[in-house]
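Down below is the structure, laid out as structure tokens.
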Number of protein chains: 2
Amino acid sequence: MRPEALKGHLDALLLAVLEAGPQHGYAVIDTVREGSGGTFDLPTGTVYPALHRLERSGFVHSRWDTVGGRRRRTYELTLAGRQALMAERDVWDTFSTAVSALLARRPWPTTS
Amino acid sequence: MRPEALKGHLDALLLAVLEAGPQHGYAVIDTVREGSGGTFDLPTGTVYPALHRLERSGFVHSRWDTVGGRRRRTYELTLAGRQALMAERDVWDTFSTAVSALLARRPWPTTS
DNA sequence: CGCCTATAGCTAGCATTGCTATATGTAGCG
DNA sequence: CGCTACATATAGCAATGCTAGCTATAGGCG
């Protein structure tokens, strides 16, 4: 998978993952990998900055936990985050429909 | 439509449009707009550099025409371009399938 | 104990890429 | 003559995901 393919859609994925319940960053990476059937194996350098961005935007809220001596930062969707996710789903639908339509074009039925 | 949504998929769209036959840049813009049902109305500052990029990559070949006193640069897919398009279609399929799967996740059927 | 792996987090800097803004020039209409 | 549509072009911006590198704990193995 070409890395830049994700550009502009990462936030939607992260919000969708967190919609299922609060998770910490490392777990988010696992969930994305499994939920995408292995297609997306996001590096930490992608996910952590993205989560920080989402928090700055007010879409998620974080708190520190300590589990088994390890520090964890658990992220949870805010109300604004849920609304943003709804908007992102709409964007994705129109976007993917349009791209699929264009990619489905074929030479022969030129109809011109 | 958030502008950056297209990032990483523009080349695929342009190649797909040119697959139907050679076109010049301005016409490509029209074809994309109509083929996407109005979703993508690409600015010239997006399309012309992208076409140049595709030519540098060897995916399209251009020639100058003059039609009605106006200079036109007509782009045509190369063999490499056709192959790249096939690859792009595969990328798009895996990509969109994975994103749709993740966005379809819902809180309740947590199954955990 | 020392080493490695898995877990868990962080950041600086890079490269790519699409967009905005601006520019040039022709054809045709009122 | 001025306006609009057609047609191409580029400089510079902003955003964003990735690479690479770093810190730190827990636990297994030799």
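Each chain gets a letter, A, B and so on, in the order its sequence line appears, and its residues count up from 1.
In this entry the distance linking CG of B:L42 with P of C:dC19 reads 6 Å, nearest Å. Going from atom CD of B:E88 over to atom C1' of C:dT17 covers 14 Å, rounded to whole Å. Between the P atom of C:dG18 and the CG atom of B:L14 lies a distance of 9 Å, rounded to the nearest Å. If you take CD of B:E55 and C1' of D:dT10, they are 16 Å apart, rounded to a whole angstrom. One atom, CH2 of A:W64, and another, P of D:dT25, lie 13 Å apart when rounded to the nearest Å. A:Q23 places its CD atom 11 Å from the P atom of C:dG9, with the value rounded to the nearest Å. Note: CG (A:L54) to C1' (D:dG17) measures 13 Å, nearest angstrom. Counting to the nearest Å, the P atom of D:dT16 and the CG atom of B:L6 are 15 Å from each other.
The side chain of B:R70 places no N or O atom within less than 4.0 Å of a non-bridging phosphate oxygen (OP1 or OP2) of C:dG28. For C:dT24, the OP1/OP2 oxygens have no side-chain nitrogen or oxygen of B:R71 closer than 4.0 Å. Side-chain nitrogen and oxygen atoms of A:H52 include none within less than 4.0 Å of the OP1 or OP2 phosphate oxygen of C:dG9. Look at A:R53 and you won't find any side-chain N or O under 4.0 angstrom from OP1 or OP2 of D:dA15. Note on B:R72: a side-chain N or O is less than 4.0 Å away from OP1 or OP2 of D:dA7. OP1 or OP2 of D:dT8 sits under 4.0 Å from a side-chain N or O of B:Y48.
Each of B:H52, B:E76, B:E55 was scored for a side chain to side chain contact (heavy atoms under 4.5 Å, CB included) with B:S62, with one residue passing: B:E55.
For A:R73, the side-chain atoms get nearest to C:dC10 when compared with the rest of D:dA7, C:dC10, C:dT17.
Looking at A:S96 and B:W92, their side chains never bring a donor and an acceptor atom within 3.5 Å of each other.
No side-chain heavy atom of A:F59 sits under 4.5 Å from any side-chain heavy atom of A:R53.
Each of A:H9 and A:G68 lies near DNA chain D, and the nucleotide nearest A:H9 is the one positioned closer to the 5' end. Between A:V67 and A:G45, the one whose closest nucleotide on DNA chain C sits nearer the 5' end is A:V67. Nearest-nucleotide positions on DNA chain D for B:Y26 and A:P43 put B:Y26 closer to the 5' end.
In the interface, the side chain of B:T44 is not paired with the base of D:dA7 through any donor and acceptor atom under 3.5 Å apart.
The main-chain N or O of A:G69 is never found under 3.5 Å from a side-chain atom of A:T66 such that the two would form a donor-acceptor pair.
When all heavy atoms of A:L102 and B:S36 are compared, the closest pair comes out as CD1-CB, 3.8 Å.
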